[in-house]
**Student:** 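For reference, the structure I am asking about is given below.
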Amino acid sequence: MTDTFFNQVYQVVAQIPFGRVTTYGAIAEYLGSKGASRMVGWALNSSKNFPEALPAHRVVNRNGLLTGKRHFGGTQVMADLLQSEGIEIVEDRIINFKEKMWFPETKY
DNA sequence: AACTTGACGGTCA
DNA sequence: ATGACCGCCAAGT
């Protein structure tokens, strides 16, 4: 059942620790399909059907840019959430992104 | 049932 | 350095 790609993405994202972020590519790569980075976003889009709190706001593109902020029902919602976690956001971009970068495989 | 789009990323030209 | 195309899987139309 949870053998679907979007479902695996859902589980990985749910494991993202507080104050940490990851990228679509990292998740896709972890799942074995580096090119499926777009599917990660699709999975998150479907995740709205899940009652679980999915910290999708911690998932950004490889530029550390809040590309998905537009799907958060607002414009600053995503940035505000990340800032609340101690992540600095300027112009929808994460400051010290590489330091906040979190890999599902290393979980570090 | 078929085609197009989609929170991306990497490589090629 | 910039621009364009391909790849990946699933869902929407």
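Chain letters run A, B, ... following the sequence lines, proteins first and then strands; every chain starts at 1. Fair warning: this is a prediction, and the values are worked out from it, not measured in the lab.
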**Student:** Give a yes or no on whether the backbone of K34(A) and the side-chain of E29(A) come within a donor-acceptor separation of less than 3.5 Å.
**Tutor:**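 No, because the side chain of E29(A) does not come within donor-acceptor range (under 3.5 Å) of the backbone of K34(A).
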**Student:** In Watson-Crick or G-U wobble terms, both distances under 3.5 Å, what is the partner of dA13(B)?
**Tutor:**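 Pairing partner: dT2(C).
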**Student:** Using atom P in both nucleotides, what's the gap between dC8(C) and dA1(B) to the nearest angstrom?
**Tutor:**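 Nearest-Å result for dC8(C) against dA1(B) at atom P: 24 Å.
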**Student:** Given atom NZ of K69(A) and atom C1' of dG6(B), what is their separation to the nearest angstrom?
**Tutor:**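 Spelled out: NZ on K69(A) to C1' on dG6(B) is 17 Å.
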**Student:** Encode nucleotides 8-13 of chain B as B, S and - characters from 5' to 3', where the letter depends on protein heavy atoms closer than 4.0 Å: B to the base, S only to sugar-phosphate, - to neither.
**Tutor:** BSS---
**Student:** Is there a donor-acceptor contact under 3.5 Å from the side chain of T106(A) to the main chain of W102(A)?
**Tutor:**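 No; judged by distance alone, with no hydrogens or angles, the pair does not exist.
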**Student:** Would you measure the distance from the P atom in dT4(B) across to the matching atom in dC5(C) and give it in whole Å?
**Tutor:**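 Result for the P pair: 15 Å, nearest Å.
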**Student:** Please find the pair of heavy atoms, one from A26(A) and one from P104(A), that lie closest to each other, and give the distance.
**Tutor:**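 Shortest heavy-atom separation between A26(A) and P104(A) comes out as O-CG, 4.2 Å.
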**Student:** Could you classify dA7(B) for me, syn or anti, using a glycosidic angle within 90° of 0 as syn?
**Tutor:**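 Here the answer is syn: the torsion falls within 90° of 0.
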**Student:** CD1 of I27(A) versus P of dA10(C): gap in Å, rounded?
**Tutor:**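 In whole Å, dA10(C) P and I27(A) CD1 are 16 Å from each other.
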**Student:** Tell me whether R58(A) contacts the main-chain N or O of I16(A) through its side chain, where contact means a donor paired with an acceptor under 3.5 Å.
**Tutor:**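 Yes; judged by distance alone, with no hydrogens or angles, the pair exists.
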**Student:** NA contact type, A28(A), heavy-atom cut-off 4.0 Å: base, sugar-phosphate, or nothing?
**Tutor:**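 Nothing, no heavy atom under 4.0 Å.
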**Student:** Write down the distance between CZ (F5(A)) and C1' (dA10(C)), rounded to a whole number of angstrom.
**Tutor:**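 For the pair F5(A) CZ and dA10(C) C1', the rounded distance is 10 Å.
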**Student:** Taking it one step at a time, do V21(A) and V59(A) satisfy side-chain contact (heavy atoms from CB on, under 4.5 Å)?
**Tutor:** CA-CA 6 Å; V21(A) 287; V59(A) 185; over 6 Å; no
**Student:** With side-chain contact (heavy atoms from CB on, under 4.5 Å) as the test, would you mind laying out the steps for N45(A) and W42(A) before giving the verdict?
**Tutor:** CA-CA 5 Å; N45(A) 190 14; W42(A) 248 116; 3.7 Å; yes
